[in-house]
Protein chains: 2
Amino acid sequence: MTVTLADVAARAQVSPATVSRVLNGNYPVAASTRERVLKAVDELDYVLNGPASSLAAATSDLVGILVNDIADPFFGIMASAIQSEIGGPGGRAGGERLAVVCNTGGSPERELTYLTLLQRQRAAAVVLTGGAMEDAQHAAAVAAKLRRLTEAGTRVVLCGRPPAPDTGAVAIAFDNRGGGQRLTEHLIGLGHRRLGYIAGPEERTTTRHRLEGHRAALAAAGISEDPGWTVHGRYDRTSGYEATLELLRRDPSLTAVVAANDSVALGACAALRESGLGIPDDVSVAGFDDLPFSVDAVPALTTVRLPLADAGARAGRIAMGREEPPPGGIATVRGELMVRGSSGAPRQSASA
Amino acid sequence: MTVTLADVAARAQVSPATVSRVLNGNYPVAASTRERVLKAVDELDYVLNGPASSLAAATSDLVGILVNDIADPFFGIMASAIQSEIGGPGGRAGGERLAVVCNTGGSPERELTYLTLLQRQRAAAVVLTGGAMEDAQHAAAVAAKLRRLTEAGTRVVLCGRPPAPDTGAVAIAFDNRGGGQRLTEHLIGLGHRRLGYIAGPEERTTTRHRLEGHRAALAAAGISEDPGWTVHGRYDRTSGYEATLELLRRDPSLTAVVAANDSVALGACAALRESGLGIPDDVSVAGFDDLPFSVDAVPALTTVRLPLADAGARAGRIAMGREEPPPGGIATVRGELMVRGSSGAPRQSASA
DNA sequence: AGCGTCACAGCAAGCGCTTTCTATCCTAGG
DNA sequence: CCTAGGATAGAAAGCGCTTGCTGTGACGCT
């Protein structure tokens, strides 16, 4: 029914071994023979049987990319960059590898299951992107899996995710704490003293780090934070919208709202506008990530730009073994503060 | 070195066959035996060898999702919906399948190569999303590949992509032409007579269909179009920005700009604003797709909402064989006109 | 009591490819 | 002219798993 290596061999009048060698190209084969084989391959429309090949060679060309939410450009941009370096078809890398992105939806179980599936497929490399869950049990389970993967020869790279000690995984982490701190410092510098904070889901490293940065800036400025100034939610626009309404209810005198990321910030802007508040005249807004649409918001969003594409590309190269891992297997990438129209001095800055 | 089925069998004191059956769970195994096996699996940290399993069973649990641009939420949303139906880990589907999304970057060769790679892996199903290239040669090559895939038992579903006749592929297409037409009719109804159009890349079905709808509306209203009113570009914000500037240069009297999609529309808005033109007072703007951020633009974008998530979910179910394909293997999904703040009557509507 | 039937469990034959080891043919040096 | 050695090609042994077919008791029916 289906064409096999043997069929090709028969047609080309050579042994299966020779066909295999032509196809893998790492063994001397006479030019004339090679041509005959390729011709047969073409005529027969032969397609290599991946599983059989992987089984026999004990390797696979699968590279897994785990993302929390594939519909979120934050992950899309990283995934895209990683994939372009993995090579995949058309990439500048040599061998064709199947770069696959797996959507965990932020669920720990799915993350674990995907990792198992990838391990099952004997993936050549795995890149995990974005924040990790902080649940201790889950973290341990993931760490164990990663360790098993690296031990089996799979290269594991964390991109935009904190290091996982003793797992053999290389980490390109984002300096979320520092970015959050600089962002809030900027607002404080503008004169703000009452700042609301819309955080991401609890138990997420990214959430915690950004929040810590924010609080560090507040503390450094001697501002004591009201517990009601922080609201947790998801990393999406709706969440930002609702959280802002809640924040306004709790303390109408807030002069700035710092959001967990740009999408949340956009939702915040919508809520403020609908509440009749001007941005930044009445309330300043700040986001995080600097996704492409952020500059188009009106007013344009003040945010922290994360080098998503660069980090992804680097992670991809490391995963492919085409770049040396950073010393210690850990690199931290800083974000750049982008000051735009959505932040300004509070109206009554003198009163603070 | 690595643990194999035989190791588990030895430890559980059963034959490899029994272990396999326990793991696949489609053969009667006594409860006590099953438990013994599972215990051994657990103790040994056994992970099935995917390639070996696929080879022996002549099937695989890989499902491929091809997207043009993974960083674009348009594709991200569809991919996410497809994946959630594929099951993947945690999905409501039974068997665990590895849903993988492949980023073609809109390149025909990459598309073909990914298709080959998927064929090589004996993928259980493949979903192709988004518009297709109209290059005849490439289209034929893709069609041939799809035919070969379906013949080999791989289910092929096109989502948001025109049907591919005689390939055995099921298509869930978007009514881009109708949507484009209704959108432009809306603007004409508002009184616009001079409309610029920022189209996507040429040679893309989506681009052509939307443009055809636009022109059909113009024709129906008896408006003869100036060739200079159409500019082609990419499906991104920058392209929209530049194209708008170009459009304005060609004909400053345009009262409306229709964009290929929402990202392009956002770029158009930016260009208009920078040119000192009010939206919609001076120029109305319309997008397409209704991505999440579109409602947050200021003013909110008038656009055509495509049921991306629904279509993706449906495509996913069909790919899994959990839903009957539509009659004839083709379904067309309509978009819904969303009238928002970015479109309004032209200033001098009476003059037209 | 005798035998057909189940319910399980094991045997063994591959699945289609890679790769080590070997065989063969040439070319070239002695 | 003979042979060492390089360049190719082939034979065959798996890679780790699935599954059709073959036992083998235990059970229930007549």
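Protein chains get the first letters and strands the later ones, always in sequence-line order, with residue 1 at the start of each. What you see below is based on every heavy atom in this structure, not just the backbone, and it leaves out hydrogens, waters and symmetry mates.
Of the listed nucleotides (C:dT18, D:dT19, C:dA9), C:dT18 has the atom at the smallest distance from the side chain of A:Ser53. Of the candidate nucleotides D:dT8, C:dC11, D:dA9, D:dA9 has the atom nearest to the side chain of A:Val29.
Within the nucleic acid shown, B:Ser54 has no heavy atom closer than 4.0 Å to any nucleic acid atom. Within 4.0 Å of A:Ala17, counting heavy atoms only, lies at least one base atom of the nucleic acid. Nucleic acid contact for B:Val19: none, since no nucleic acid atom lies under 4.0 Å from a heavy atom of the residue.
Side-chain nitrogen and oxygen atoms of B:Thr33 include at least one within less than 4.0 Å of the OP1 or OP2 phosphate oxygen of C:dA9. At C:dG16, none of the side-chain N or O atoms of A:Thr4 fall inside 4.0 Å of OP1 or OP2 (strictly under the cut-off). Between D:dT18 and B:Ser20, a contact under 4.0 Å exists linking OP1 or OP2 to a side-chain N or O. Close to D:dA9, at under 4.0 Å from its OP1 or OP2, lies no side-chain N or O of A:Thr18.
Put simply, the side chain of A:Leu38 does not reach to within 4.5 Å of the side chain of A:Asp42, judged on heavy atoms. B:Val14 is not listed as a side-chain neighbour of B:Val29, based on a closest heavy-atom distance of 4.5 Å or more. Here the side chains of B:Arg36 and B:Gln13 are in contact, with some heavy-atom distance below 4.5 Å.
The interatomic distance linking A:Gln121 (CD) with D:dG16 (P) rounds to 15 Å, in whole Å. Straight-line distance from the CG atom of A:Asn24 to the P atom of C:dT20: 12 Å, rounded to whole Å. The interatomic distance linking B:Arg34 (CZ) with C:dA9 (P) rounds to 9 Å, in whole Å. In this structure, the CZ atom of B:Arg122 is 18 Å from the P atom of D:dT18, given to the nearest Å.
Applying the side-chain hydrogen bond (donor to acceptor under 3.5 Å, both in side chains) test to every pair with at least one member in residues 118-135 of chain B, sequence neighbours left out, gives these pairs: B:Glu134-B:Arg208.
Of the two residues contacting DNA chain C, namely A:Leu48 and B:Gln13, the nearest-nucleotide position lying further toward the 5' end is that of B:Gln13.
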Pairs under 3.5 Å (N/O, protein and nucleotides 13-15 of chain D):
| from | atom 1 | to | atom 2 | distance (Å) |
| --- | --- | --- | --- | --- |
| D:dC15 | O2 | A:Ala56 | N | 3.4 |

Just the table, please: protein N/O against nucleotides 21-28 of chain D N/O, every pair under 3.5 Å.
none

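The shortest heavy-atom contact between A:Leu117 and B:Arg97 is CD2-O, 4.0 Å. The minimum heavy-atom distance between B:Gly131 and B:Thr205, with the atom names listed, is CA-OG1, 3.4 Å.
Of the listed residues (B:Leu308, B:Asp69, B:Leu66, B:Ile70), just one forms a side-chain contact (heavy atoms from CB on, under 4.5 Å) with B:Phe75, and that residue is B:Asp69.
Within a 6.0 Å radius of CG in A:Asp45, other residues, nucleotides and ligands contribute more than 12 heavy atoms.
For the pair A:Glu43 and A:Lys39, the salt-bridge criterion is met [side-chain N within less than 4.0 Å of a carboxylate O].
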